[in-house]
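Below: the structure, in structure tokens.
All heavy atoms count here, side chains included; hydrogens, waters and symmetry mates do not. Proteins come first, then strands; the chains are lettered A, B, ... in the order of their sequence lines, and each starts at number 1.
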Amino acid sequence: MKFSEKKNLYDRIFEAVRLIPAGSVAIYGQIAHLVGCSPRVVGYAMHSVSAEDDVPWQRVINSKGKISFPEGSEGYDEQKAILKAEGIVFDEMRKIDLKKFGWEGLL
DNA sequence: AGGTTGACAAAGG
DNA sequence: GCCTTTGCCAACC
């Protein structure tokens with residue numbers, strides 16, 4: 001029994017994202033694998049998340065280790081601020097070192 | 001009911 | 001290392 005698969009797919013994705021510990025980040029593909037669907041759906045679900053939801057969507061980034069928002073946008077700035085507050089470090093290219101902060105999942 | 005879109009990923013050129 | 005193509009699956013129009 002992994003997650004509440006009785007719920008909708010989005011809810012499963014949200015739960016998976018909630019499992020990400022502070023100070024770590026996960027890529028879409030990882031979440032997708034956890035819930036058993038394609039990364040696109042994860043991205044769509046993230047966009048569907050509301051501020052009222054208790055989902056740390058900011059800890060979910062793309063496989064390049066970068067924030068999936070266009071730089072200079074509100075979402076980008078906010079997400080970067082939160083991640084920095086959680087201890088995530090950005091390099092010169094504004095990328096996150098997945099070697100250190102990459103979430104190992106349920107490993 | 002059907003076509004398009006999407007905060008993506010992996011492989012190929 | 002960058003751009004293009006393919007796969008992917010659910011939500012949205």
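Looking at every heavy atom in both residues, A:I27 comes nearest to A:N62 through CG2-O, 3.7 Å. Heavy-atom minimum distance, A:Y28 versus A:M46: CE2-CG, 3.8 Å. For the pair A:I20 and A:A26, the tightest heavy-atom approach, listed with the atom from each and the gap, is CD1-CB, 3.6 Å. Nearest heavy atoms, A:F69 versus A:G75: CD1-C, 3.8 Å.
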Anything under 3.5 Å between a protein N or O and an N or O of nucleotides 1-3 of chain C, put it in a table, one pair a line.
none

Every protein N/O within reach of nucleotides 9-13 of chain C N/O, cut-off under 3.5 Å:
unit_1 : atom_1 : unit_2 : atom_2 : d
C:dC9  : O4'    : A:S38  : OG     : 2.9
C:dC12 : O4'    : A:Y44  : OH     : 3.2

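Residues passing the side-chain hydrogen bond (donor to acceptor under 3.5 Å, both in side chains) test with A:E86 are A:R59, sequence neighbours excluded. Residues that satisfy the side-chain hydrogen bond (donor to acceptor under 3.5 Å, both in side chains) test with A:S24, not counting sequence neighbours, are absent from this structure. With sequence neighbours excluded, the residues that form a side-chain hydrogen bond (donor to acceptor under 3.5 Å, both in side chains) with A:E71 are A:R94.
Distance, A:I20 CD1 to B:dA7 C1': 13 Å, rounded to whole Å. Rounding to whole angstrom units, CD1 of residue A:I13 and P of B:dG6 are separated by 17 Å. When the C1' atom of B:dA7 is taken as reference, atom CZ of A:F14 falls 12 Å away, rounded to whole Å. We find that CD1 of A:I82 is positioned 18 Å from P of B:dA7, with the value rounded to whole Å. Computed from coordinates, the A:I27 CD1 to B:dA7 P distance equals 18 Å when rounded to whole Å.
Ring-plane geometry between A:Y10 and A:Y44 is classed as tilted, the angle between the planes lying from 30 to 60 degrees on a 0 to 90 degree scale.
Judged purely by atom type and a 3.5 angstrom limit, A:D77 has no side-chain atom pairing as donor or acceptor with the backbone of A:E74.
The same atom, P, is picked in B:dA7 and in C:dT6; the two are 22 Å apart, to the nearest Å.
Side-chain contact between A:P70 and A:Y76 is absent, with no heavy atoms from C-beta onward closer than 4.5 Å.
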Handout entry: Watson-Crick and G-U pairing of DNA chain B written in dot-bracket, each distance under 3.5 angstrom, with | for inter-strand partners
Key = .|||||.||||||
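If you run side chain to side chain contact (heavy atoms under 4.5 Å, CB included) between A:I13 and each of A:V55, A:N8, A:V35, only A:V35 comes through.
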